[in-house]
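Below, each value reflects all heavy atoms present in this structure, side chains not excepted, and no hydrogens, waters or symmetry copies. Every chain is numbered from 1, with letters handed out A, B, ... down the list of sequences. All values derive from a computational prediction rather than experimental measurement.
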Amino acid sequence: MTQTTLRVNEHGLVQHADLQHLITALHDKGYQVIGPTLQDSAVVYDEIDSIADLPAGWTDEQDGGTYRLKRRDDAALFGYTNSPQSWKKFLHPPRRRLWQAQREDAESDFVFMPENGTLPRYAFLGVRACELNAIAIQNTVFTKGPFIDPMFKALHDAAFIVAVNCIQAGGTCFCASMDSGPHVHSGFDLALTELIDADRHVFLVEVGSRRGAEIMEQVPFEPAQEHDLAAVRRIESAVADDMGRTMDTTDIKQFLYDNVNHPRWDDVANRCLTCSNCTIVCPTCFCTTVEDVTDLTGNQAERWQRWDSCFTLDFAYIHGGSVRALARDRYRQWMTHKLASWIDQFDSSGCVGCGRCITWCPVGIDITEEVHAMRESDTTSAEISTLNMV
Amino acid sequence: MTATVAHSPTRNLPNPMLPNPYRVQRVRKETQDTFTLELEPANGQSDFHFAAGQFNMLYIFGVGEVPISISGDPGKPRKLVHTTRAVGVVTSAMQQLKRDDMVGVRGPFGNDWPVVEAQGKDVVIVAGGLGLAPVRPALYHVLNHREKYDNVVLLYGTRTPNDILYRREVEKWRARLDVDVHVTVDRAIHPWRGNVGVVTRLIPKSPFDHLNAVAMICGPEVMIRFTVLELERRGVLPDNIFISMERNMKCATGFCGHCQWGPNFVCKDGPVFRYSEIKPFFGQRGL
């Protein structure tokens, strides 16, 4: 070995047999390591102890409403694309208690008790480019406005991110259209590209932070050669060319604002079950609701936050009824928010092109197809403010 | 198994989701189904300040939390005044509150009425029903600084004479020589001798200069819509018309997503909107 340490932006080559050192080093630093595992015929992010927990030799087949695991010809550890669940479930948990309140009896005062417990320090192994963007987008939502969500911030800032560059595109992927992949460029501590052929099974590691460089001190590596970097670039461009879907995002914000009464909204509403699967699997969807509960004595109250979806009727309920009574209203809200109003709100698209909403839609509604169909028959109207007025 | 590391989320940051304990000083019945709560901080100390138009999230132990606009005088922020109607589970429980009961308060949230922008101009406040409550702080502010404004007009419409909110106060304002107050009801009940009809019918004859007026509208969405039309017909520019919007809210901080209206979060970008800025989607059904 000619080199013993790597600095930020430098590359090293780690043998498949040595990758366990990375997990061990993360454990030694006190991180709870989360990575892809095989569960319930799907790739599921969960706690891992060793490299042996990763889905070696598996890939997936994805299309509208379809997800199937398949055997690969090789033993690649990251040879599949997006799994149904994203990292959202760790940084923005599906359910969490916000606080408790307590009183002696119905006549007495009560006190609020904030959540002061401990939070895990996560190390995420296998974060794809689209997902890295999704994490950054949720970070903007929860920490860059007038208020900060202290729990998200604590979990996010503590998390160590090992990104993985995709070596193949999925059937519903369109990150290249959304400018969010397939290659990771920033926002990671370490980034891996799996290089696998008949002669070798290695990981090209790029160091993205000083934290990442520290961890690499515990992992044996060789210097990366120019032909290794060239191999990564070839993979990147091949994956980008092989996207299962594409979306024309030209001026999409104004396009959707202008087409608020496009007949396609009725068309998609006839297919949409308003089941909210798309919002649950979406790695950027952040909406929540709250539940107030009391114990049987009535003197111990809790407030819980849980994921909510703009596809439910309750979501936009104000006295007198739901503001978005029709399926058409709710699908339009979701898609227009994702692709248009998100840009006004947070200076970026709310879509990273991960394709999950397409794969996990029970009736295979495809956001890229909906945009395409609308563009085919643009109904831009200058008099939208007077349409639909009662 | 891996060690997890202690990491307190609230050690350094204020938690916007955590309410503060307040105590009920007074509950006053306003009309058949509306009431006013006066609250003071339970710990005795108050650094609460609000601007006219802002709202609080009020929590009833074990029942839930609702957004309610602040309807008191921004010049007297120590007393927190909220007027609401008992329509749901939380507001019905709120109606049962008695003096010295505790509630949770988060806030204030949202933006405010353009009381500074309106200085030197005519102020036209148009309120419908309970919509008088969120706009009352703006009227208080204007009357507290009466010399800074030209004509001040309050146009107020309710369903019946029995639904007139803050009736004594409205009568007091009406008696002033420096405020024009006009009240109308949808349905007259004996012995009502005032105006009958929708509030928009008061606009054509109101004493304000359409080129030098700022309008503030609060009420049901349909009333806002027709008030805007009537003001525009009178020549008031969309830039000088402000409306207060209502949407479902769970967090008031922009995190829960419920109050989205076009590109806006009503909780943090509103509830007050300049009409010219929301005109493209105001009145769109299902948005």
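Salt bridge status for A/Asp329 with B/Arg285: absent, with no side-chain N to carboxylate O gap under 4.0 Å.
Closest approach of A/Asp292 to B/Val63, counting heavy atoms only: CB-O, 3.9 Å. Nearest heavy atoms, A/Leu98 versus B/Met17: CD1-CE, 3.8 Å. Nearest approach of A/Phe286 to B/Gly254, heavy atoms of both residues: CE1-O, 4.2 Å. Here the closest heavy-atom approach between residue B/Leu18 and residue A/Pro114 is recorded as CD2-CB, 3.8 Å.
Within the 4.5 Å cutoff, side-chain heavy atoms of A/Val260 are placed close to those of B/Gln284. Taking the side chain as every heavy atom from C-beta outward, A/Pro146 and B/Pro16 never approach each other to under 4.5 Å. Two residues are said to be in side-chain contact when any heavy atoms from C-beta on lie closer than 4.5 Å; B/Glu65 and A/Arg303 meet this criterion.
Taking the six-membered ring for Trp and the full ring otherwise, the centers of A/Phe112 and B/Phe61 sit at least 6.0 Å from each other. Side-chain rings of A/Phe147 and B/Phe255 stay apart, their centers remaining 6.0 Å or farther from each other.
Taking B/Gly104, B/Cys259, B/Pro19, B/Gly64 one by one and counting their heavy-atom pairs under 4.5 Å with chain A, the maximum is reached by B/Pro19. Per-residue heavy-atom pair counts under 4.5 Å with chain A were compared for B/Glu246, B/Lys250, B/Gln260, and the maximum is reached by B/Gln260.
Atoms CG and OG1, on A/Asp149 and B/Thr253 in that order, are 7.5 Å from each other to the nearest 0.5 Å. Summarising the geometry, atom CD1 belonging to A/Ile148 is positioned 11.5 Å from atom CG belonging to B/Asn15; distances are rounded to the nearest 0.5 Å. The CG atom of B/Leu287 lies 7.0 Å from the CZ atom of A/Arg324; values are rounded to the nearest 0.5 Å.
Although no hydrogens or angles enter the test, the distance criterion places no donor-acceptor pair under 3.5 Å between the side chain of B/His258 and the main chain of A/Ala316. Not a single donor-acceptor pair under 3.5 Å links the side chain of A/His337 to the backbone N or O of B/Gly257.
At a 4.5 Å heavy-atom cutoff, B/Arg85 makes no contact with chain A through either its backbone or its side chain. Neither the backbone nor the side chain of B/Val90 comes within contact range of chain A; no heavy atoms are under 4.5 Å apart. Neither the backbone nor the side chain of A/Ala325 comes within less than 4.5 Å of any heavy atom of chain B. Residue A/Gln138 does not touch chain B at all, counting heavy-atom pairs closer than 4.5 Å.
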Less than 3.5 Å apart, which donor and acceptor atoms pair up between the side chains of residues 261-272 of chain B and the rest of the protein, not counting sequence neighbours?
{"from": "B/Asp269", "atom 1": "OD2", "to": "B/Phe265", "atom 2": "N", "distance (Å)": "2.8"}

